[in-house]
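Report on one structure; see the data block that follows.
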Amino acid sequence: MAKEVTKREENYSQWYNDLALKADLAEQSAVRGCMVIKPYGYAIWEKMQGLLDGMFKQTGVQNAYFPLFIPKSFFSREAEHVAGFAKECAVVTHHRLMNDPDGKGVVVDPSAKLEEELIVRPTSETIIWNTYKNWITSWRDLPILCNQWCNVVRWEMRTRLFLRTAEFLWQEGHTAHATSQEAEAKAFEMVQVYAKFAREVMALPVIVGHKSPNERFAGALDTLTIEAMMQDGKALQAGTSHFLGQNFAKSFDVQFTNKEGKQEYVWATSWGVSTRLMGALIMAHGDDNGLVLPPKLAPIQVVMVPIFKTEEEHNAILDRMYEIKKKLEAMGHSVKVDDRDTLRPGFKFAEWELKGVPVRIAMGARDLAAGTVEVARRDTLTKETYAVEGIESHIHQLLDDIQENIYNKAVAFRESHIEKCDSWDEFKEKIGTGKFLLCHWDGTAETEQAIKDATKATIRCIPIDTCVCEEEGVDIFSGKPSHRRVVFAISY
RNA sequence: CGGGGUGUGGCGCAGUUGGCUAGCGCAUCUGGUUUGGGACCAGAGGGUCCUGUGUUCGAGUCACAGUACCCCGACCA
């Protein structure tokens with residue numbers, strides 16, 4: 001069958017790659033560093049999109065769309081921002097192809113050189129702020145709360161399926177406010193939206209916190225993040241929300257007349273999550289049998305596999321299954337009846353497990369006679385037999401249980417891989433073993449850099465809600481006084 | 001861009017000190033038997049051995065160059 005997924009212990013990278021490819025989520029594209037998201041994988045992304053979008057709208061955010069191409073000159077407006085992105089951009093230099101005069105194929109027409117090069121957006125702050133300039137004149141125009149779902153391109157040196165591809169899908173929210181306080185509050189509100197989504201929908205426990213100055217987004221005054229732990233103990237930044245201050249407003253000269261009639265620069269935020277969340281899902285919940293999807297994101301929540309010997313038997317079982325399907329669908333669940341008569345049940349079981357379907361219902365001749373079904377849950381790989389009568393309410397409850405169990409399992413994993421650490425020797429020893437370490441830090445970039453150089457570990461965040469970290473102590477590296485612990489980890 | 005590795009039917013691989021008709025497993029197709037955890041038997045189809053140059057009577061195998069991909073760093077959502 002060659003469908004088995006590599007064991008996690010042997011090579012985590014390989015395991016992850018196999019899982020993403022074999023579970024039918026994606027495949028490597030012919031274009032370097034890019035990926036093809038297959039229908040099954042995209043269905044999961046669509047669910048994420050839909051649920052997130054609903055949450056955004058509840059906070060007053062509206063969707064809009066801005067151009068893919070950004071004139072090169074826009075990037076030179078915000079000095080810090082360009083330093084963060086200029087090195088890894090795809091650049092459009094020509095607008096026409098021609099037949100190769102020397103032979104076959106096509107070449108770039110040298111006469112079609114662009115006056116000014118266009119950059120394929122790596123993020124849209126610049127073009128959006130250039131646009132906002134036209135939208136904002138008075139305090140009455142504020143706030144502007146826009147989000148766009150789009151693709152962006154960053155020419156990364158090394159790519160990794162879902163986690164770091166040259167092109168990826170994401171949403172980027174960009175807001176404009178009259179006051180610093182309002183903008184900061186918005187940045188905070190949005191990171192909390194991400195945390196809620198991660199915890200309640202993705203069943204992914206995350207730590208919310210501030211980034212250290214070193215790890216901040218290029219051009220931001222403050223970056224808020226949700227940090228998740230993968231099953232190898234490494235950290236993954238799953239979403240960010242930035243308080244941009246007046247940096248972009250000043251670069252693009254976006255001023256408004258306030259209530260006192262004075263000109264003032266606008267305050268900004270931006271925030272985003274990407275298809276990297278798909279990577280988080282795979283790495284946080286997957287096991288050696290394949291993907292484990294939280295019911296709220298599973299494109300198929302319940303799969304039904306008939307077990308039969310004859311066509312009559314098959315049809316009889318399918319009839320019963322469609323009845324159950326109808327009831328479950330009426331309750332809002334997505335159900336698939338696997339009526340393929342060319343494959344054996346064992347094959348189907350393995351295949352749906354690989355794809356992470358939360359609940360499987362099997363029904364054979366014995367069940368048909370007894371009025372029962374076999375219900376298997378993906379998260380625990382356990383099976384139980386139930387009466388068909390009233391099965392739908394049981395399944396309904398079971399899906400909730402699975403959602404909760406997957407989350408609890410991930411929380412338990414994280415709790416067992418996170419600890420306080422107050423000794424530098426201990427830190428060096430433990431940080432490489434797949435743990436988050438809560439340590440005192442003196443707040444300086446120098447210390448952070450020194451620790452990174454020595455161990456590759458970075459400050460993932462200065463947590464604000466997950467653990468009690470406000471306490472006096474001394475920096476683990478420098479020995480200087482510190483008022484709180486921060487999260488150190490090796491990251492993706 | 002540095003260090004390492006790999007390119008052989010759709011996928012995964014073997015191929016000895018260069019040797020005669022390039023193999024194996026999976027997948028595919030046909031027929032039959034099967035069907036409560038990835039079926040079995042029989043038969044069939046499918047290859048510019050990454051590209052180029054060289055060495056040689058003879059290259060999948062050796063040399064050089066190029067190229068693609070993977071892994072480890074630096075960079076990053």
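In the text below, chain A, chain B and the rest are named by the order of the sequence lines, each starting its count at 1.
Using atom C1' as the reference point in both B:rG66 and B:rG7, the two lie 14 Å apart (nearest Å). Distance check on atom P: B:rU55 versus B:rC11 gives 34 Å, rounded to whole Å. Spacing of C1' atoms, B:rC69 relative to B:rU51, comes out at 15 Å, to the nearest Å. Taking atom C1' on both B:rA22 and B:rG9, the two are 11 Å apart, rounded to the nearest angstrom. Between B:rG37 and B:rC29, the distance separating the two P atoms is 25 Å to the nearest Å. Taking atom P on both B:rC64 and B:rC70, the two are 25 Å apart, rounded to the nearest angstrom. Using C1' as the reference atom, B:rU53 and B:rG38 are 48 Å apart when rounded to the nearest Å. Using atom P as the reference point in both B:rU8 and B:rU61, the two lie 13 Å apart (nearest Å).
Side-chain N/O atoms of A:R164 and base N/O atoms of B:rC76 include a donor-acceptor pair closer than 3.5 Å. The base of B:rG37 sits within donor-acceptor range of the side chain of A:K383, with an N or O pair under 3.5 Å. Residue-to-nucleotide contacts include no donor-acceptor pair under 3.5 Å from the side chain of A:E351 to the base of B:rG38. Within 3.5 Å, a donor on the side chain of A:R360 pairs with an acceptor on the base of B:rG37, or the reverse.
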Just the table, please: protein N/O against nucleotides 4-8 of chain B N/O, every pair under 3.5 Å.
none

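Comparing B:rU35, B:rC76, B:rG37 by their closest approach to the side chain of A:R276 singles out B:rC76. Of the candidates B:rA77, B:rC75, B:rG36, B:rG36 carries the atom nearest the A:D367 side chain, counting heavy atoms from C-beta on. With B:rC76, B:rA39, B:rG37 as the choices, the nucleotide that has an atom nearest any side-chain atom of A:R344 turns out to be B:rA39. Nearest nucleotide to the side chain of A:A362, out of B:rG37, B:rG36, B:rA74: B:rG36. Listed nucleotides: B:rC71, B:rU35, B:rG73. Nearest to the side chain of A:K309: B:rU35. Here B:rG37 is the nucleotide among B:rA77, B:rG38, B:rG37 with the atom lying nearest to any side-chain atom of A:F349.
Nearest heavy-atom pair across A:E167 and A:T165 is O-OG1, 2.8 Å.
Using a 4.0 Å heavy-atom criterion, one finds that A:A365 contacts the bases of the nucleic acid, with or without backbone contacts as well. Contact annotation for A:T225: no contact, since no heavy-atom pair falls under 4.0 Å across all strands. In this structure, A:S274 reaches the bases: a heavy-atom distance under 4.0 Å links it to at least one base atom across the strands shown. Nucleic acid contact class of A:G364 (heavy atoms, under 4.0 Å, all strands): base.
Residue A:H285 holds its NE2 atom at 8.5 Å from CE of A:M230, rounded to the nearest 0.5 Å. In this structure, NE2 in A:H210 is found 10.5 Å from OG in A:S241, a value given to the nearest 0.5 Å.
Partners of A:Q14 by side chain to side chain contact (heavy atoms under 4.5 Å, CB included), not counting sequence neighbours, listed by chain and number: A:T6, A:N11, A:D18. A:H242 pairs by the ring-ring contact (aromatic ring centres under 6.0 Å, His included) definition with A:F217, not counting sequence neighbours. Take A:F477 and apply the ring-ring contact (aromatic ring centres under 6.0 Å, His included) test, not counting sequence neighbours, and it matches A:W424. The ring-ring contact (aromatic ring centres under 6.0 Å, His included) test applied to A:H417 returns A:F413, not counting sequence neighbours. With sequence neighbours left out, the ring-ring contact (aromatic ring centres under 6.0 Å, His included) criterion links A:Y40 to no other residue. With sequence neighbours excluded, no residue forms a salt bridge (Lys or Arg N to Asp or Glu O under 4.0 Å) with A:K409.
Spacing between atom CZ of A:R460 and atom P of B:rA77 amounts to 9 Å, rounded to whole angstrom units. When rounded to the nearest whole Å, the span between CG of A:D24 and C1' of B:rC11 equals 15 Å. What separates NZ of A:K348 from C1' of B:rG38 is a distance of 13 Å, to the nearest Å. Rounded to an integer number of Å, the gap from CG of A:L277 to C1' of B:rA77 is 9 Å. A straight line from CE of A:M283 to P of B:rA77 spans 15 Å, rounded to a whole angstrom. The interatomic distance linking A:F308 (CZ) with B:rG36 (P) rounds to 10 Å, in whole Å. The distance from atom CZ of A:R366 to atom P of B:rG37 is 9 Å, rounded to the nearest whole Å. The distance between atom CG of A:L368 and atom C1' of B:rG36, rounded to the nearest whole Å, is 14 Å.
Against RNA chain B, the stretch residues 291-307 of chain A makes heavy-atom approaches under 4.0 Å through A:I307.
Checking B:rA42 for Watson-Crick or G-U wobble geometry (two distances, each under 3.5 Å) identifies B:rU30 as its partner. Remark: B:rC69 base-pairs with B:rG5; criterion is Watson-Crick or G-U wobble with both hydrogen-bond distances under 3.5 Å. Both distances falling under 3.5 Å, in either a Watson-Crick or a G-U wobble arrangement, occur for no nucleotide opposite B:rC20.
Crowding of A:E384 atom CD: a count of heavy atoms from other residues, nucleotides or ligands under 6.0 Å not exceeding 12.
Between A:F488 and A:F436, the ring center distance fails the sub-6.0 Å criterion.
Side-chain contact annotation: A:R121 with A:T123, donor-acceptor N/O pair under 3.5 Å absent.
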Side-chain atoms of residues 305-317 of chain A: list all donor-acceptor pairs with protein atoms under 3.5 Å, sequence neighbours left out, distances to 0.1 Å.
residue	atom	partner	partner atom	Å
A:T310	OG1	A:E313	N	3.1
A:E313	OE2	A:K309	N	3.0
A:N315	ND2	A:E311	O	3.3

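The 5' end of RNA chain B is approached more closely, in terms of each residue's nearest nucleotide, by A:Q14 than by the other of A:E156 and A:Q14. Place A:T275 and A:N17 on RNA chain B by their nearest nucleotides, and A:N17 ends up nearer the 5' end.
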